[in-house]
Amino acid sequence: MERLGFYYNMDTCVSCGACQMACKSENGLIQEENYRRVAALVYGPFSGSCNHCQEAACVKACPTGAMYKAADGTTQHDDGKCIGCGACMWNCPYGAITFSKSRGVTQKCTSCASRRARGDEPACVKACPTKSIRFGVLEETRADFPFLPDEELTQPSLYINPSKRLQAALAKAAGEAEGETAKGGERV
């Protein structure tokens, strides 16, 4: 099966928040609820949501089957089966699941499954003025960065093109690690 997921380009994102607002509007979320969040990190802007992980911790933790893997491989949520216990929310290492106080259930990004079924792009993708977010088949994933949990935990369906600032920080860290190895023969 092809792996569907988000592609995000940190280098072209201008942190405008259009993706976050489009998502809120599409999903009828109230002020304090978000499926997608835009943040200004030391490495540059970041826009994150559910990563539709291959080994989704939320799916494994859900006692009712409300959180499940859909036929297309994305991680979805069935409000009708949700008892609002929060197990999925507490087990997601990305903090991508929130609790709706108004509905009494957990909620998350669906990658706009209903829009995609009609042949449309997810709302966040369509709203991005710099085309920094895309959704579709991923040839490979890349989510091993210092501001995210270890990707081996859940195998997120995410490809991040890092900003130049992040690339420089990673190169510097790799150079320092190589220097430590060369000096003592062992990494500290």
Side-chain angles (χ1 to χ4, degrees), residues 1-23 34-61 67 69 72-75 88-98 108-109 111-112 121-188:
M1 177 193 312
E2 296 179 318
R3 187 170 183 173
L4 294 177
F6 283 104
Y7 167 89
Y8 173 65
N9 189 338
M10 289 180 81
D11 222 21
T12 58
C13 177
V14 293
S15 198
C16 68
C19 57
Q20 183 174 318
M21 294 310 297
C23 176
N34 291 296
Y35 291 176
R36 176 167 289 282
R37 294 173 190 84
V38 178
L41 306 177
V42 68
Y43 305 113
F46 182 69
S47 175
S49 68
C50 175
N51 296 317
H52 302 281
C53 302
Q54 295 291 293
E55 297 295 326
C58 60
V59 171
K60 292 176 183 175
M67 201 65 75
K69 295 302 285 183
D72 66 3
T74 59
T75 305
C88 59
M89 191 169 64
W90 301 117
N91 280 277
C92 174
Y94 297 95
I97 303 167
T98 61
K108 61 174 268 325
C109 164
S111 64
C112 289
E121 298 176 305
C124 59
V125 172
K126 187 171 181 138
C128 182
T130 60
K131 305 296 180 213
S132 297
I133 303 172
R134 294 194 306 258
F135 184 85
V137 176
L138 295 175
E139 298 297 324
E140 63 180 311
T141 61
R142 185 175 184 193
D144 187 20
F145 297 108
F147 55 88
L148 293 173
D150 182 355
E151 65 183 329
E152 291 303 314
L153 292 172
T154 61
Q155 300 175 25
S157 296
L158 176 67
Y159 185 96
I160 299 173
N161 182 47
S163 65
K164 288 178 179 61
R165 191 177 319 153
L166 177 55
Q167 290 175 36
L170 293 172
K172 181 180 178 190
E176 288 172 359
E178 286 176 20
E180 291 170 8
T181 302
K183 283 183 205 173
E186 199 175 299
R187 266 181 100 173
V188 267

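Inter-residue side-chain proximity for L4 and S111 is flagged as unmet; no heavy-atom pair is nearer than 4.5 Å. Contact annotation: the side chain of Y8 approaches that of P45 to within less than 4.5 Å [non-hydrogen atoms, C-beta and beyond].
How far SG of C88 is from CD1 of I97: 4.0 Å, rounded to the nearest 0.5 Å. How far OG1 of T75 is from CD of Q54: 8.0 Å, rounded to the nearest 0.5 Å. Atom-to-atom distance recorded for I133:CD1 and K126:NZ is 14.5 Å, nearest 0.5 angstrom. Atom CG of N34 and atom NZ of K108 lie 14.5 Å apart (nearest 0.5 Å). Remark: N161 CG to Y7 OH distance equals 4.0 Å, nearest 0.5 Å. Atoms CG and CZ, on L166 and F147 in that order, are 5.5 Å from each other to the nearest 0.5 Å.
A57 approaches N91 most closely through the heavy-atom pair CB-O, 3.3 Å. Counting all heavy atoms, side chain and backbone alike, C13 lies closest to S132 at N-OG, 3.1 Å. Closest approach of F135 and V125 over heavy atoms only: N-CG2, 3.9 Å. Here the shortest heavy-atom pairing between R165 and G44 reads NH1-N, 3.6 Å. Shortest non-hydrogen contact noted between L138 and L158 is CD1-N, 3.5 Å.
Counting only residues at least two apart or in different chains, side chain to side chain donor-acceptor pair (under 3.5 Å) contacts with residues 35-52 comprise R36-S47, R36-S49. Judged as a side chain to side chain donor-acceptor pair (under 3.5 Å), not a single pair has a partner in residues 137-147 (not counting sequence neighbours).
Under the 3.5 Å distance criterion, the side-chain polar atoms of S15 are left unmatched by any main-chain donor or acceptor of A40. Side chain of Q167 to backbone of P162: a donor-acceptor contact under 3.5 angstrom is found. Under a 3.5 Å cut-off, the side chain of S157 and the backbone N or O of G5 do not form any donor-acceptor pair. No donor-acceptor distance shorter than 3.5 angstrom exists from the side chain of N9 to the backbone of K131, with no hydrogens or angles considered. At distances below 3.5 Å, at least one donor-acceptor pair connects side-chain atoms of K69 with backbone N or O atoms of C53.
Remark: A168 pairs with no residue by the side chain to side chain contact (heavy atoms under 4.5 Å, CB included) rule, at least two apart or across chains.
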